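Presented below is the structure to which this report refers.
Per chain, numbering begins at 1; letters A, B, ... match sequence-line order. FYI, side chains are in, hydrogens and waters are out, and symmetry mates aren't considered; it's all heavy atoms of this structure. If you're wondering where the values come from, they're calculated on a predicted model, not measured in any experiment.
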Amino acid sequence: MDSFARRLLAWFDEHGRHDLPWQREATPYSIWVSEIMLQQTQVSTVVPYFERFMCSFPAIDDLARADLDDVLAHWSGLGYYARARNLHRAAQRIVDELGGELPATVVELMALPGIGRSTAGAIVALAHGRREPILDGNVKRVLARYHGIEGWPGTAAVLKKLWRFAEQHTPSSDVAAYTQAVMDLGATLCRRGDPACERCPVRRGCRAARDGRQAELPSSRPRRSRRQRRVHVLLVRDDAQRVLLERRPATGIWGGLYSFPEIPSDTDAESWCGRNLNADVRGRRALPPIAHSFTHFDLTIEPTLLELGADSSVVMDRPEWLWYKPAMKSELGLPAPIAALLENVFDRSELCE
DNA sequence: AAACCGTGGAC
DNA sequence: TGTCCAAGGTT
């Protein structure tokens with residue numbers, strides 16, 4: 001075992017995190033679920049989602065049997081919803097084709113949707129204690145600083161170096177503890193901003209600490225201008241105060257979740273309603289646009305509120321449509337901004353007249 | 001290879 | 001307020 005791993009393990013015993021929800025009664029399944037939820041998502045955000053998810057789907061069979069809508073509802077607000085669809089699909093494949101047990105090798109795990117090399121390594125190391133490296137955001141930051149690796153860790157060349165060091169440092173014994181230790185070091189001491197080098201167990205060998213370059217490593221992502229998108233949506237409300245929601249396609253933003261129906265920018269709201277809904281429109285009001293800033297693009301939602309007449313019983317229906325009532329919310333997969341907009345529709349007096 | 005996929009924390 | 005980005009993976 002090299003000195004990096006040895007010092008890290010000693011530090012972890014006293015200062016590491018040992019009481020996270022997925023660390024008690026840890027099973028391959030619970031570790032898998034936690035690793036998927038933790039992808040690009042901070043621990044404090046994941047905790048309540050993990051508790052609710054494991055309560056509703058305590059074992060792989062429960063997840064495999066569940067409706068995708070129910071799984072997406074549990075994921076509402078967490079983001080990156082392909083993770084939930086992949087998790088559900090993988091659970092079904094495990095139950096149907098793999099005897100109901102999560103595979104225990106990196107190669108087999110990576111064959112499942114949503115599991116890449118790092119997540120596969122984490123499952124093998126944490127659940128089975130077998131020697132496999134991981135390379136998540138924490139490890140990238142720790143290793144980039146410790147070895148003074150230049151360049152943004154999104155490029156293949158930098159990743160290759162990082163993986164080699166990750167493999168080199170991973171010990172053959174105490175793999176589970178080491179894996180948790182590296183992540184804890186990155187999360188609690190070797191933070192992105194204001195790293196606590198004076199308390200770091202591996203400061204002695206750290207290139208960045210020696211050169212005072214902690215703030216410059218790892219190099220940040222190249223800047224990129226964000227794309228602008230404008231979307232026109234309809235808030236169709238009938239006289240029973242129900243609102244029309246539409247299930248979005250499985251690919252793209254908010255895939256598989258419910259949102260308001262989008263209409264082409266050059267289409268008039270009432271003509272769309274006449275063609276698609278076959279209902280009579282009693283009132284129409286343009287609502288103020290809502291701006292959202294995502295990582296890769298800026299989205300402006302331009303909502304139009306349509307009130308249907310009392311004879312709205314003649315409205316057409318489609319499989320992707322759902323007439324929403326407030327009580328249904330907890331069972332629905334809703335994007336956070338759409339959930340917020342719905343709250344306004346039903347709670348704000350200006351809209352409820 | 002580079003773009004895409006969400007949300008909230010931190011500064 | 002805007003910007004960066006986090007227990008990454010897929011296309």
Side-chain angles (χ1 to χ4, degrees), chain A residues 16-17 20-23 30-50 72 75-87 89-90 109-123 125-127 133-142 152-160 162-163 166 176 179-188 190-195 215 218-227 229 248-257 259 291-299 333-340:
Chain A
R17 297 174 293 186
L20 296 170
W22 40 91
Q23 290 176 327
S30 65
I31 289 173
W32 173 37
V33 171
S34 71
E35 288 300 324
I36 300 299
M37 284 191 172
L38 286 161
Q39 288 172 359
Q40 300 285 278
T41 310
Q42 297 184 347
V43 168
S44 57
T45 302
V46 165
V47 168
Y49 283 88
F50 177 82
L72 286 173
W75 218 269
S76 280
L78 199 51
Y80 285 145
Y81 299 98
R83 295 183 294 176
R85 297 195 301 274
N86 287 334
L87 193 64
R89 201 148 49 93
L109 285 166
M110 285 180 69
L112 293 169
I115 301 183
R117 184 173 174 187
S118 186
T119 299
I123 292 171
L126 293 174
I134 64 164
L135 190 60
D136 63 352
N138 288 309
V139 183
K140 286 174 185 171
R141 188 169 52 255
V142 168
W152 176 54
T155 66
V158 177
L159 278 179
K160 189 176 178 181
L162 289 169
W163 269 113
T179 300
Q180 188 61 50
V182 189
M183 292 191 287
D184 283 6
L185 183 73
T188 63
C190 196
R191 301 168 294 230
R192 182 164 61 95
D194 187 32
S219 311
S220 44
R221 164 198 291 271
R223 308 235 166 154
R224 214 170 293 283
S225 61
R226 280 199 299 252
R227 301 289 188 201
R229 295 191 206 173
R248 298 181 57 84
T251 57
I253 184 91
W254 299 333
L257 276 69
S259 181
H292 291 286
S293 191
F294 294 89
T295 306
H296 296 283
F297 65 97
D298 292 323
L299 177 67
L334 289 172
I338 300 303

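- Close to C/dG9, at under 4.0 Å from its OP1 or OP2, lies a side-chain N or O of A/Thr119.
- Residue contacts shown for A/Ala122 are absent, as no nucleic acid heavy atom lies under 4.0 Å away.
- Between the P atom of C/dC4 and the CZ atom of A/Arg141 lies a distance of 17 Å, rounded to the nearest Å.
- A/Leu87 has its CG atom 20 Å from the P atom of C/dA7, to the nearest Å.
- Checking C/dG9, C/dC4, B/dT7 against the side-chain heavy atoms of A/Phe294 singles out B/dT7 as nearest.
- Considering only heavy atoms from C-beta on, A/Asn138 stays 4.5 Å or farther from A/Leu185 through its side chain.
- One donor-acceptor pair, N or O on each side, does fall under 3.5 Å between the base of B/dG6 and the side chain of A/Thr41.
- With a 4.5 Å cut-off on side-chain heavy atoms, A/Ile253 and A/Arg248 count as touching.
- Atoms CZ (A/Arg192) and P (B/dG9) sit 14 Å apart, rounded to a whole Å.
- Summarising the geometry, the separation between CG on A/Leu135 and C1' on C/dA7 is reported as 11 Å, rounded to the nearest angstrom.
- Taking the side chain of A/Val43 as heavy atoms from C-beta on, and the options C/dG9, C/dA7, B/dC4, the nearest nucleotide is C/dA7.
- C/dA6 and B/dA1 have their C1' atoms separated by 23 Å, given to the nearest Å.
- The nearest heavy atom of DNA chain C to A/Met183 and to A/Gly114 marks one nucleotide each, and the one closer to the 5' end goes with A/Met183.
- Side chain of A/Trp22, nearest nucleotide from C/dC4, C/dA6, C/dA7: C/dA7.
- Closest to the side chain of A/Arg83, from the set B/dG6, C/dG9, B/dC5, is B/dG6.
- Counting only heavy atoms from C-beta outward, the side chains of A/Leu334 and A/Leu257 never approach each other to under 4.5 Å.
- Heavy-atom distances to DNA chain C give each of A/Leu20 and A/Met110 a nearest nucleotide, and the one nearer the 5′ end belongs to A/Leu20.
- Here A/Gly193 lies out of heavy-atom contact (under 4.0 Å) with every strand.
- A gap of 16 Å separates the C1' atoms of B/dC4 and C/dC5, to the nearest Å.
- Residue whose closest nucleotide on DNA chain B sits further toward the 5' end, between A/Arg85 and A/Ser44: A/Arg85.
- Checking the phosphate oxygens (OP1, OP2) of C/dC4, a side-chain nitrogen or oxygen of A/Arg223 falls inside 4.0 Å.
- No hydrogens or angles considered: a donor-acceptor pair under 3.5 Å links the side chains of A/Asn86 and A/Arg89.
- An OP1 or OP2 oxygen of B/dC4 is reached within less than 4.0 angstrom by no side-chain nitrogen or oxygen of A/Arg227.
- For B/dC4, the base has no donor-acceptor partner in the side chain of A/His296 [N/O atoms by modelled type, under 3.5 angstrom].
- The separation of B/dA3 from C/dC4, taken at their P atoms, amounts to 15 Å, rounded to a whole angstrom.
- Closest approach to the A/Asn138 side chain among C/dA7, B/dC5, C/dT3 is made by C/dA7 (side chain taken as heavy atoms from C-beta onward).
- Backbone-only contact: A/Ile115 has heavy atoms under 4.0 Å from sugar-phosphate atoms and none from a base.
- Residue A/Arg226 is classed as a sugar-phosphate contact, given heavy-atom separations below 4.0 Å to backbone atoms only.
- Picking from B/dG6, C/dT3, C/dG8 the nucleotide with the shortest atom distance to the side chain of A/Trp254 gives B/dG6.
- Nearest to the side-chain atoms of A/Arg229 among the listed nucleotides B/dC5, B/dA3, B/dT7 stands B/dC5.
- One atom, CG of A/Leu126, and another, P of C/dA7, lie 14 Å apart when rounded to the nearest Å.
- Of the possible donor and acceptor atoms, none in the side chain of A/Arg229 sits under 3.5 Å from a partner among the backbone N and O of A/Phe297.
- For C/dA7, the base has a donor-acceptor partner in the side chain of A/Arg17 [N/O atoms by modelled type, under 3.5 angstrom].
- Comparing A/Gly77 and A/Asp194, the nucleotide of DNA chain B nearest to each residue sits closer to the 5' end for A/Gly77.
- Across the protein-nucleic acid pair, A/Arg191 atom CZ and B/dA10 atom P stand 11 Å apart, rounded to whole Å.
- When every heavy atom of A/Pro153 is checked against every heavy atom of A/Pro218, the shortest pair comes out as CG-CB, 3.8 Å.
- With hydrogens and angles ignored, the 3.5 Å screen pairs no side-chain donor or acceptor of A/Arg221 with any backbone N or O of A/Gly154.
- In terms of modelled atom types and a separation under 3.5 Å, the side chain of A/Gln23 and the main chain of A/Arg17 share a donor-acceptor contact.
- Within the 4.0 Å cut-off from OP1 or OP2 of C/dG8, not a single side-chain nitrogen or oxygen of A/Gln39 is found.
- Nucleic acid contact class of A/Gly186 (heavy atoms, under 4.0 Å, all strands): none.
- Taking only side-chain atoms of A/Gln42, from C-beta outward, the nucleotide of C/dC5, B/dG9, B/dT7 with the closest atom is B/dG9.
- When heavy atoms are screened at a 4.0 angstrom cut-off, A/Thr155 is found touching no nucleic acid atom at all.
- For the pair A/Leu159 CG and B/dA1 C1', the computed distance is 12 Å after rounding to whole Å.
- C/dA7 and B/dA10 have their P atoms separated by 12 Å, given to the nearest Å.
- In this structure, A/Tyr81 places its OH atom 19 Å from P of C/dT10, rounding to the nearest Å.
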